[in-house]
Asker: 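Have a look at the structure that comes next, please.
Note that ligands are numbered from 1 as they come in the structure, with each ligand's atoms numbered from 1 the same way.
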Amino acid sequence: MSENIKKIRVRFAPSPTGYLHIGGLRTALYNYLFARKNKGVFALRIEDTDQKRFVEGAVENLIKALSQTGLSWNEGVYEKSQISNLKSKTIAESKTYPGIIEAGEFGPYVQSERLELYKKYAEQLVADGKAYYCFCEPQRLEEMRERQQKEKRSPMYDRYCLNNVSPEQINEKLKENCSATIRLKVPKDEIIEFDDLVRGKISFNTNTIDDQVLFKSDGYPTYHLANVVDDHLMEITQVIRGEEWLPSTPKHILLYRAFGWQEPQFAHIPLLLNADKSKLSKRQGDVAVEDYIKKGYLKDAIVNFVVMLGWNPGEGSTQEIFSMEELIEKFELTKVHKAGAVFDIKKLDWINGQYIKKLSDEELLQNALPFFEQKEFFAKAAADKKTGEYLKKVLTIEKERLAKFADVGDENQFFFQDISYDKEMLRWKTNTDDEIVQSLQKSQTTLNAITENNWSLVEIEKNLLIAAGDKRGDLLWPLRMALTGAQKSPSPFECAWVLGKIEAIKRIENAIEMWQ
Ligand code: GLU
């Protein structure tokens, strides 16, 4: 029986737009998880047949973003270890693909390098009477469309060339190298039905489907033809892609049937939406994975966030933080939601915060350092405020509230620079001037009594709380102000600990001086 079970083979098939869209990452991730869970193959295929949309460096960007997020495909030209020294030369090597791909070879497959292949299949459909040449000029097509729109009909090719151009004329025109496209002859009055793994039964009436162009006059196939030919040749078993491709699926099924090929299963995953339920767009925020990495979101947190846009393990689970291993174990297409998934940046911040808290001091420092180095307050700080040891202390305090590394230090710049503030800010409630000074002196004496060796958070907190007794505000408010000059800040214990004994006492003395 086991020989009948087909090996699972899925693919991520992006068109290189210049960057990896968050939605693209989710599609890649769902494919990856599905393949890993089923011990199948996850292939990468670059769908670059739209020459008008060619973007220099787009493929490299895509591959970089995918590898940054840890999604390695196990079929393609590159081994994971080669990704970092990717050259366009190596992309060209994938030309060697003959069409039928043996499992175990490495991609990505690049469609623009397989043009001959699509031409051959398009011509085969013409020979079988399933497709036909169209010589209509763009101007004629435009006029036809305008007429149809005026008559409130959906734009459809009127089959002029199918009905009016004889086989002899076709041969003649082809010999003369006339500009020609190949169109699919979509059968009329048929219902195309399929079982979507996410959305259930779906049907389309073929009367609503235009005679698709399969092969363009520029020698390139259209998305529909290349996509179907490749999915067939690459023996893809499940096509897992965004819901925006759902209207293309009946066209693809018609193509599979025209070729006499078995169609794969389809799974259309829900749209990503902005908070106002419009389609996720650049206008309302960043959509490129790279943008989030640049802002200091951790790759594991991004993956964790993205996987939950349209999926959760179900069965009343409230789990929100998943390791990759857990995801591979728990991921199921049947648990993917039908409804659109709202991209909630606050959720990403929260998840990233959870991952930040789990980092070791050294990891925190390594992640934060490049971001510190971009900050003006850091550039201006004294050398002793830039050491790894000092920054690790700052981060120990900040990590509890930090959403992303780009924000590092912003809220607590007093750790890096001299402070200035209005002396009235040192007053706790109705304290008199004398009481303020006495309180600051008490803090000074208390902290002075702690030796440099004992300068720990626990020790500082313990001694200050004893000194404060039941009048905490009277002691701690002026102290916190003296140390930070800021209305909002971490506790005075944490601030004193980070600043160090000498600096903390110097700041308290400065505060006392303001009243002299
Ligand atoms: N090239 C399409 C895209 O850019 C892929 C659609 C599919 O997966 O079939 O998303």
Asker: Residues around ligand 1, heavy atom under 4.0 Å from any ligand atom, sorted by chain and number. Can you pull those?
Answerer: Arg11, Ala13, Pro14, Ser15, Glu47, Tyr223, Asn227, Arg241, Trp245
Asker: Once salt bridge (Lys or Arg N to Asp or Glu O under 4.0 Å) is applied, what residue pairs with a partner in residues 189-209 remain, sequence neighbours excluded?
Answerer: Asp195-Lys201, Arg199-Glu243
Asker: Taking the cut-offs as 6.0 angstrom to the six-membered ring centre and 45 degrees off its axis, would you call Lys185 and Tyr132 a cation-pi pair?
Answerer: no
Asker: Could you tell me if Arg241 sits above the aromatic ring of Phe266, with its cationic atom closer than 6.0 Å to the ring centre and no more than 45 degrees from the axis?
Answerer: no
Asker: Looking only at the aromatic ring of each residue, does the gap between the centers of Tyr30 and Trp311 stay below 6.0 angstrom?
Answerer: no
Asker: Could you tell me if Lys375 sits above the aromatic ring of Phe378, with its cationic atom closer than 6.0 Å to the ring centre and no more than 45 degrees from the axis?
Answerer: no
Asker: Does a sphere of radius 6.0 Å around NZ in Lys357 hold more than 12 heavy atoms from other residues, nucleotides or ligands, not counting ones at 6.0 Å or beyond?
Answerer: yes
